[in-house]
Student: 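Handing you a structure now.
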2 protein chains.
Amino acid sequence: MLRMTKQADYGIVLMTHLAARAGRQFSAPELAAETRIPLPMVSKILKLLVREDLLVSHRGVKGGYALARAPRQITVADLISALDGPIAFTECIEDTPGSCSQEGICGVRDNWQRINQAVRHALEGITLADLTQPLASPLVQLGSGRGAELRA
Amino acid sequence: MLRMTKQADYGIVLMTHLAARAGRQFSAPELAAETRIPLPMVSKILKLLVREDLLVSHRGVKGGYALARAPRQITVADLISALDGPIAFTECIEDTPGSCSQEGICGVRDNWQRINQAVRHALEGITLADLTQPLASPLVQLGSGRGAELRA
DNA sequence: CCAAAACAGGACGGTATTGGTCCTGTTTTG
DNA sequence: CAAAACAGGACCAATACCGTCCTGTTTTGG
Ligand code: FES
Ligand code: FES
């Protein structure tokens with residue numbers, strides 16, 4: 001089906017929520033209530049995002065989470081990498097040779113890179129700031145944005 | 001980890017192999033031998049690709065498979081859709097309302113589309129023809145025009 | 001100084017999806 | 001009519017994911 005994990009999905013919802021109300025600080029229970037995402041999940045996800053330096057946390061009774069950078073400087077690619085691990089869309093991207101049995105005879109090796117780049121590039125082209133804007137011209141910042149250049 | 005399934009991975013290898021030697025017809029055992037992919041898998045995948053009209057098959061003793069269209073008209077997106085199902089990168093793309101619990105309060109709804117489009121677009125931008133070319137300047141054939149702005 | 005609220009960091013099991021094999025047809029060649 | 005190859009599924013084993021829970025540690029404020 002080719003989809004990202006629910007963790008990343010949730011993560012984007014949470015971060016968007018946070019970005020739309022930037023400045024303030026939100027606790028996990030608070031975010032869970034507002035997004036209707038089960039609290040344990042919210043908690044788990046936020047913790048991961050802190051470790052990846054996309055959020056900063058404040059402990060204690062009046063604790064909570066806030067964005068670590070400006071919305072414009074957090075991309076969807078960042079979020080997905082943080083929550084689902086590196087964007088290794090195809091199998092043979094590891095730079096370590098020998099990891100793939102094909103290697104010697106494989107005619108696509110280099111092309112995997114190409115595909116990975118394309119996807120990564122597309123995801124890097126979308127920031128949290130973009131996601132908070134209600135998308136004025138419907139779906140058409142694509143051609144002008146990243147990703148199109150891949151094609152020529 | 002965000003990767004496509006092995007089926008799609010294999011599929012791309014197989015199709016690239018086929019595209020590089022277009023015109024001819026290859027049997028499943030033949031392809032299995034040349035790509036070192038287990039025969040049952042090869043068979044399974046090729047059958048799927050036939051159903052999706054990306055390959056044409058010929059039965060009988062001297063049977064085999066050949067591309068259904070020109071390499072330039074088969075995109076990586078086609079292959080992935082055929083083998084892994086529709087590219088529904090995020091959860092809430094179904095146009096049928098009610099499929100998501102968030103719906104009412106969700107501020108990202110429209111943005112899922114944006115993300116999906118970006119990924120799909122990127123994958124539609126790569127054709128089999130591209131994959132058969134050994135990619136001259138390493139990963140930098142981005143702006144069709146030779147070595148202009150890349151720099152850095 | 002202590003209790004409550006919130007973050008930190010893992011461990012854990014149930015479930016869905018995938019990867020891979022195999023079996024039983026049907027079509028074609030010679 | 002036998003062999004080679006495609007067609008179409010059924011079928012498990014392993015894996016990854018989703019979601020929960022438990023045991024700390026830090027901060028607030030009475
Ligand atoms: S498939 Fe692994 S190197 Fe090509
Ligand atoms: S998350 Fe489903 S509609 Fe927004």
Side-chain angles (χ1 to χ4, degrees), chain A residues 1-14 18 24-33 35-66 68 80 82-86 88-91 100-101, chain B residues 1-14 18 24-66 68 80 82-86 88-91 101:
Chain A
M1 180 61 110
L2 184 52
R3 60 174 37 169
M4 61 178 150
T5 68
K6 222 155 199 179
Q7 258 190 30
D9 200 307
Y10 287 163
I12 295 176
V13 172
L14 291 169
L18 233 35
R24 247 199 80 196
Q25 182 184 238
F26 285 81
S27 74
E30 212 171 349
L31 284 170
T35 59
R36 310 282 153 85
I37 297 171
L39 174 56
M41 270 284 111
V42 172
S43 191
K44 181 185 204 169
I45 292 170
L46 295 177
K47 280 183 277 187
L48 286 174
L49 292 173
V50 168
R51 267 194 244 177
E52 298 291 328
D53 294 313
L54 295 173
L55 288 179
V56 289
S57 64
H58 183 205
R59 288 187 168 195
V61 172
K62 298 215 73 173
Y65 298 90
I80 295 180
L83 296 172
D84 289 357
F89 202 64
T90 59
E91 191 115 326
C100 176
S101 56
Chain B
M1 176 65 109
L2 182 53
R3 60 174 35 169
M4 63 178 147
T5 67
K6 223 154 198 178
Q7 258 192 29
D9 201 306
Y10 287 162
I12 294 176
V13 173
L14 291 169
L18 234 36
R24 247 199 80 194
Q25 183 185 236
F26 285 81
S27 74
E30 212 170 349
L31 285 170
E34 294 178 15
T35 59
R36 308 284 153 86
I37 297 171
L39 174 56
M41 269 285 111
V42 172
S43 191
K44 183 185 202 168
I45 291 169
L46 295 177
K47 280 183 279 187
L48 286 174
L49 292 173
V50 168
R51 267 194 244 177
E52 297 291 327
D53 294 313
L54 295 173
L55 289 178
V56 289
S57 65
H58 183 205
R59 288 188 167 194
V61 172
K62 300 215 71 175
Y65 298 89
I80 295 181
L83 296 172
D84 289 358
F89 201 64
T90 58
E91 190 115 326
S101 55

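Nothing here was measured: the structure is a model prediction, and the numbers come from that model. Throughout, a chain's letter reflects where its sequence line sits, starting with A, and its residues are numbered from 1.
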Student: Check the distance between D/dA16's C1' and B/M4's CE and give it to me in whole angstrom.
Tutor: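 After rounding, the reported distance stands at 18 Å.
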Student: So, using salt bridge (Lys or Arg N to Asp or Glu O under 4.0 Å) as the criterion, who are the partners of A/E30 when residues are at least two apart?
Tutor: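 For A/E30, the residues satisfying salt bridge (Lys or Arg N to Asp or Glu O under 4.0 Å) (neighbours in sequence not counted) are A/R24.
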Student: Can you name the side chain to side chain contact (heavy atoms under 4.5 Å, CB included) partners of A/V56, sequence neighbours left out?
Tutor: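 Expected list: A/A66, A/A68.
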Student: Can you give me the dot-bracket string for DNA chain C, 5' to 3', counting Watson-Crick and G-U wobble pairs with both distances under 3.5 Å, using [ ] for crossing pairs and | for partners on another strand?
Tutor: ||||||||||||||||||||||||||||||
Student: What's the CE-P distance between B/M41 and D/dA13, to the nearest Å?
Tutor: 16 Å
Student: Can you check whether A/L31's main-chain N or O pairs, donor with acceptor, with A/T35's side chain at less than 3.5 Å?
Tutor: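 Yes; judged by distance alone, with no hydrogens or angles, the pair exists.
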Student: In this structure, how many angstroms lie between the P atom of D/dT20 and the CD atom of A/Q7, rounded?
Tutor: 13 Å
Student: In whole angstroms, how far is the P atom of C/dA16 from the CZ atom of A/R3?
Tutor: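 Between P of C/dA16 and CZ of A/R3: 14 Å.
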Student: Does the side chain of B/L14 come within less than 4.5 Å of B/L49's, by heavy atoms?
Tutor: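 B/L49 does not reach B/L14 side chain to side chain.
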Student: B/P40 near the nucleic acid: base, sugar-phosphate alone, or nothing, with a heavy-atom cut-off under 4.0 Å?
Tutor: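 Here B/P40 touches the bases of the nucleic acid.
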Student: Do nucleotides 4-11 of chain C as a string where each nucleotide becomes B, S or -: B if the base has a protein heavy atom under 4.0 Å, S if just the sugar-phosphate does, - if no protein is that close.
Tutor: BBSSBBS-
Student: Just the rounded figure in Å: distance from P of D/dA16 to CG of A/L83.
Tutor: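 Answer to the nearest Å: 18 Å.
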Student: Check this one for me: any side-chain N or O of B/Y10 less than 4.0 Å away from OP1 or OP2 of C/dG19?
Tutor: no
Student: Can you list everything that forms a side chain to side chain contact (heavy atoms under 4.5 Å, CB included) with B/K62? Sequence neighbours excluded, please.
Tutor: none
Student: Residues in side-chain hydrogen bond (donor to acceptor under 3.5 Å, both in side chains) with B/Q25, at least two apart?
Tutor: none
Student: According to side chain to side chain contact (heavy atoms under 4.5 Å, CB included), who are the partners of B/P38, at least two apart in sequence or on a separate chain?
Tutor: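 Residues passing side chain to side chain contact (heavy atoms under 4.5 Å, CB included) with B/P38: B/P40, B/M41.
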Student: Apply side chain to side chain contact (heavy atoms under 4.5 Å, CB included) to B/S57 and list each qualifying residue two or more places apart in sequence or on a separate chain.
Tutor: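 B/S57 satisfies side chain to side chain contact (heavy atoms under 4.5 Å, CB included) with B/V50, B/Y65 only.
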Student: Please state how far atom CD1 in A/I37 lies from atom P in D/dG19, giving the value in whole angstrom units.
Tutor: 10 Å
Student: So how far is it from A/D84 CG to A/Q7 CD, rounded to the nearest 0.5 Å?
Tutor: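 Nearest 0.5 Å value for the CG-CD distance: 6.5 Å.
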Student: For the pair made of CG in A/L2 and P in C/dT17, what is the distance, rounded to whole Å?
Tutor: 14 Å
Student: How long is the line joining CG of B/D9 and P of C/dT18, in whole Å?
Tutor: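 Atom-to-atom, B/D9 to C/dT18, this comes out as 14 Å.
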